[in-house]
Amino acid sequence: MAWAGQPLRDVATQAGQFIQYGCGKGECGTCECMVNGKWIRPCIATVPATASGEELMVMVKAVKSKSTSSGTFFSIKSFFMGFWNNLLGMLGFVKFRRAAKKNWEERKEYEDLVAQKTREKKLKRAAAGGEA
């Protein structure tokens, strides 16, 4: 028996009905149930006032069954998949390292060229300053 204004969450718990909750604030919609043809969120809803003798029909969403674990930390398949994943990652590192080395060499050549031009300008200024 539920009283008007009583939290629907408490009523469901007392009746032994499991409702899955997410945020508990009515924002996520995980707990949505249909009450008399209308979707509500029982984490924040209360039992509405009804005429005496009128029943409140609450339909709860079906809860997905939880997957069972094999109980082992790893399997042979996960071992080989991890090995394969690491191998692919290493090949990727080698590929991108080669590209990075080429970019580094181009950048180094450009910086050497800039340094050479700077030295030439400084020598010209020093030579022009010495003549004056």
Side-chain angles (χ1 to χ4, degrees):
M1 182 83 175
W3 295 278
Q6 187 177 3
L8 200 55
R9 168 184 230 161
D10 297 344
V11 174
T13 304
Q14 290 169 359
Q17 182 62 52
F18 175 74
I19 299 175
Q20 187 172 359
Y21 296 101
C23 64
K25 297 183 263 177
E27 295 172 355
C28 68
T30 304
C31 62
E32 280 189 333
C33 297
M34 187 173 283
V35 176
N36 292 345
K38 184 175 161 188
W39 287 102
I40 64 159
R41 296 184 178 176
C43 61
I44 57 170
T46 57
V47 176
T50 58
S52 66
E54 187 180 338
E55 290 186 358
L56 191 64
M57 177 63 103
V58 179
M59 293 175 55
V60 180
K61 288 181 186 177
V63 177
K64 297 177 184 174
S65 63
K66 294 182 179 179
S67 62
T68 56
S69 173
S70 64
T72 57
F73 181 70
F74 66 90
S75 66
I76 298 299
K77 180 182 176 185
S78 66
F79 176 80
F80 283 111
M81 293 305 287
F83 175 78
W84 179 248
N85 187 30
N86 288 335
L87 180 66
L88 290 175
M90 291 300 200
L91 291 174
F93 283 137
V94 169
K95 179 182 174 185
F96 287 111
R97 175 66 180 122
R98 288 182 183 155
K101 185 175 182 180
K102 181 182 174 191
N103 290 343
W104 168 256
E105 289 168 354
E106 289 175 0
R107 181 176 157 199
K108 185 75 173 141
E109 287 174 14
Y110 181 73
E111 288 180 2
D112 290 341
L113 180 65
V114 168
Q116 180 185 357
K117 296 286 183 184
T118 305
R119 266 187 256 115
E120 289 173 2
K121 280 188 175 182
K122 284 183 179 180
L123 289 173
K124 284 183 184 178
R125 281 189 201 150
E131 291 177 3

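None of the values given here were measured: they were computed from a predicted structure.
Closest of all the heavy-atom pairs between Gly26 and Cys43 is N-SG, 3.3 Å.
By the 4.5 Å side-chain criterion applied to Ile, Leu, Val, Met, Phe, Trp and Tyr, Met81 is assigned to no cluster and stands alone.
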*Between Gln6 and Gln14, does a side-chain contact (heavy atoms from CB on, under 4.5 Å) hold up when you go through it step by step?*
CA-CA 12 Å; Gln6 187 177 3; Gln14 290 169 359; 3.6 Å; yes

*Start with the C-alpha gap between Ile19 and Cys33, add the side-chain angles, then the distance that decides, and say whether side-chain contact (heavy atoms from CB on, under 4.5 Å) holds.*
CA-CA 9 Å; Ile19 299 175; Cys33 297; 4.0 Å; yes

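Rounding to the nearest 0.5 angstrom, the gap separating the NZ atom in Lys101 from the CD atom in Glu106 is 13.5 Å. With rounding to the nearest 0.5 angstrom, the CH2 atom of Trp104 is 10.0 Å from the CZ atom of Arg97. Interatomic distance, Leu8 CG to Arg41 CZ, rounded to the nearest 0.5 Å: 14.0 Å. The CG atom of Asn86 sits 9.5 Å away from the CZ atom of Phe93 when rounded to the nearest 0.5 Å. In this structure, Thr118 OG1 and Leu123 CG are separated by 11.0 Å, a value rounded to the nearest 0.5 Å.
Grouping the Ile, Leu, Val, Met, Phe, Trp and Tyr side chains by contacts below 4.5 angstrom, directly or via other members, places Leu91 apart from Val94. At a threshold of 4.5 Å between side-chain heavy atoms, the hydrophobic network of Ile, Leu, Val, Met, Phe, Trp and Tyr places Val35 and Ile44 in two separate groups.
Listed by chain and residue number, nothing satisfies the side-chain contact (heavy atoms from CB on, under 4.5 Å) test with Glu109 (two or more places apart in sequence, or in another chain).
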